[in-house]
Amino acid sequence: EVIRLLRTFDPMELRNSVVTFLALKAARAASLAAVLTGDAADELFAGYSFMFNAPEQDIPHHVRRMNDVMRFSSIPMGAALSVKAELPFLDKTVRAFALTLTAADLVGERDGCRFGKKILRQAFAPLLPEEITVRVKTPIEYGSGSTKLARVMTESVSDQEFESARQDVAQSDGVRLRDKEQYFYYRFYRQIFPPPHE
């Protein structure tokens, strides 16, 4: 279902999106018309480790780049499930504000560890318990356990099958498969779609 909706066979995107898809299905089952997500907070407020661990002068550049390329699977998946995904951090005012922030606004340090989203943590400190406002960022695939999908998919494909498929797919579809997990998803993708152009 997720491959069909997102038209991708990218393992990381699918692992992350499966989690969101299941949450949206649960929202639909609970008869919710809409859900709020935190999508774009990490991108706009330096929540990823590659951003907050970067040299100070590079952090605003990372935020601007992420602002230009970010997209979120919750929007099309929510629409397909008749649950509106509301993304408050995508509001044009919030985005414009985020682009004005300096590294000092975005990155903080506590007990010798750097962290991102400093300004958000400060903004919500009066409303949320400290264990939330100082929480270490956990990528969705780790917090949800969807990293196990990679192992399951990899174990379902033999080395011989993958090597043969890698050559066949490169020749017939012009697609270079990175690993067994990607091949696993690509098989489903090709049942639905023609070879990709990109």
Side-chain angles (χ1 to χ4, degrees), residues 1-52 62-101 105-106 108 115-150 152-153 181 184-185 188-189 192-193:
E1 289 179 81
V2 176
I3 290 169
R4 182 179 294 107
L5 289 170
L6 301 183
R7 303 179 68 93
T8 187
F9 52 93
D10 178 72
M12 181 63 75
E13 185 170 359
L14 289 171
R15 256 186 266 135
N16 291 343
S17 295
V18 162
V19 176
T20 303
F21 184 76
L22 293 172
L24 289 165
K25 277 184 85 168
R28 182 182 69 187
S31 300
L32 298 178
V35 295
L36 294 172
T37 78
D39 291 336
D42 287 317
E43 289 78 1
L44 294 174
F45 295 95
Y48 295 117
S49 60
F50 78 88
M51 297 171 86
F52 62 73
H62 284 306
V63 170
R64 285 191 301 278
R65 185 177 60 79
M66 294 300 281
N67 178 64
D68 293 340
V69 301
M70 63 184 176
R71 64 187 184 102
F72 301 99
S73 62
S74 55
I75 297 169
M77 291 189 308
L81 293 168
S82 300
V83 176
K84 184 169 177 57
E86 298 276 359
L87 286 63
F89 292 109
L90 284 186
D91 178 87
K92 64 182 179 180
T93 306
V94 174
R95 288 175 87 161
F97 172 70
L99 296 175
T100 68
L101 299 174
D105 298 322
L106 298 167
F115 59 84
K117 299 187 282 192
K118 176 182 167 187
I119 197 166
L120 292 181
R121 294 168 189 267
Q122 290 173 336
F124 288 100
L127 304 170
L128 298 171
E130 188 177 41
E131 63 264 18
I132 293 176
T133 59
V134 300
R135 182 180 162 273
V136 173
K137 160 76 174 151
T138 305
I140 190 171
E141 66 269 19
Y142 291 100
S144 68
S146 69
T147 53
K148 293 177 183 174
L149 286 174
V152 170
M153 305 314 169
E181 183 186 14
F184 186 93
Y185 298 133
F188 287 105
Y189 178 90
I192 306 165
F193 302 112

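Scope of the values below: all heavy atoms of this structure, side chains included, with no hydrogens, waters or symmetry mates.
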Does the distance from a Lys or Arg side-chain N to an Asp or Glu carboxylate O, for K117 and D42, drop under 4.0 Å? yes
Validation row: P88, D91 side chains within 4.5 angstrom (heavy atoms): no
Less than 4.5 Å apart, any side-chain heavy atom of F115 and any of V134? no
Using the side chain to side chain contact (heavy atoms under 4.5 Å, CB included) rule, take F72 and T20 through it: C-alpha gap first, then chi angles, then the decisive distance, then the call. CA-CA 10 Å; F72 301 99; T20 303; over 6 Å; no
Of all heavy-atom pairs between M51 and V63, which one has the smallest distance, and what is that distance? CE-CG2, 3.7 Å
Is there a donor-acceptor pair closer than 3.5 Å between any side-chain N or O of R121 and the backbone N or O of G116? yes
Working to the nearest 0.5 angstrom, can you tell me the gap between M70 CE and F89 CZ? 11.0 Å
OG1-CD1 distance between T147 and I140, expressed to the nearest 0.5 angstrom: 12.0 Å
Is it true that a side-chain atom of S146 and a backbone atom of R15 form a donor plus acceptor pair closer than 3.5 Å? yes
Got a donor-acceptor contact below 3.5 angstrom from the R95 side chain to the N67 backbone? yes
Verdict with reasoning, L14 to Y189, per side chain to side chain contact (heavy atoms under 4.5 Å, CB included): CA-CA 12 Å; L14 289 171; Y189 178 90; over 6 Å; no
Heavy-atom closest contact (P76 atom, S73 atom, distance): CD-O, 3.2 Å
Could you go through the side chain to side chain contact (heavy atoms under 4.5 Å, CB included) check for F45 and L101 one step at a time? CA-CA 8 Å; F45 295 95; L101 299 174; 3.7 Å; yes
Can you confirm whether Y48 is buried at OH, in the sense that more than 12 heavy atoms of other residues, nucleotides or ligands lie under 6.0 Å from that atom? yes
Among L36, V35, T37, the one residue meeting side chain to side chain contact (heavy atoms under 4.5 Å, CB included) with L87: T37
Would you compute the distance between atom CD1 of I192 and atom CZ of F9 and round it to the nearest 0.5 angstrom? 12.0 Å
Search all heavy atoms of G143 against all heavy atoms of T138 and return the closest pair with its distance. N-CG2, 3.5 Å
About how many Å separate CG of N16 and OG of S74, when rounded to the nearest 0.5 Å? 11.5 Å
Could you tell me which non-hydrogen atom of L32 sits nearest to which non-hydrogen atom of V83, and how far apart they are? O-CG2, 3.9 Å
Taking all atoms of both residues into account, what is the closest heavy-atom pair of I3 and T8, and its distance? CG2-O, 3.5 Å
Take a 6.0 Å sphere around OH of Y142 and say whether it holds more than 12 heavy atoms from other residues, nucleotides or ligands. no
Within the supplied structure, the quantity of interest is the number of heavy atoms (other residues, nucleotides, ligands) at a distance under 6.0 Å from F124 CZ; does it exceed 12? no
Student check: side-chain heavy atoms of L149 and Y185 closer than 4.5 Å: yes
Side chain to side chain contact (heavy atoms under 4.5 Å, CB included) for M77 and V2? Distances and angles first, verdict last. CA-CA 8 Å; M77 291 189 308; V2 176; 4.2 Å; yes
In Å and rounded to the nearest 0.5 Å, what is the CD to CG distance from Q122 to L120? 9.5 Å
Quick one: pull up CG in L99 and CG in L44 and give me the separation to the nearest 0.5 Å. 7.0 Å
Just checking K25: does its NZ atom have more than 12 heavy atoms from other residues, nucleotides or ligands closer to it than 6.0 angstrom? no
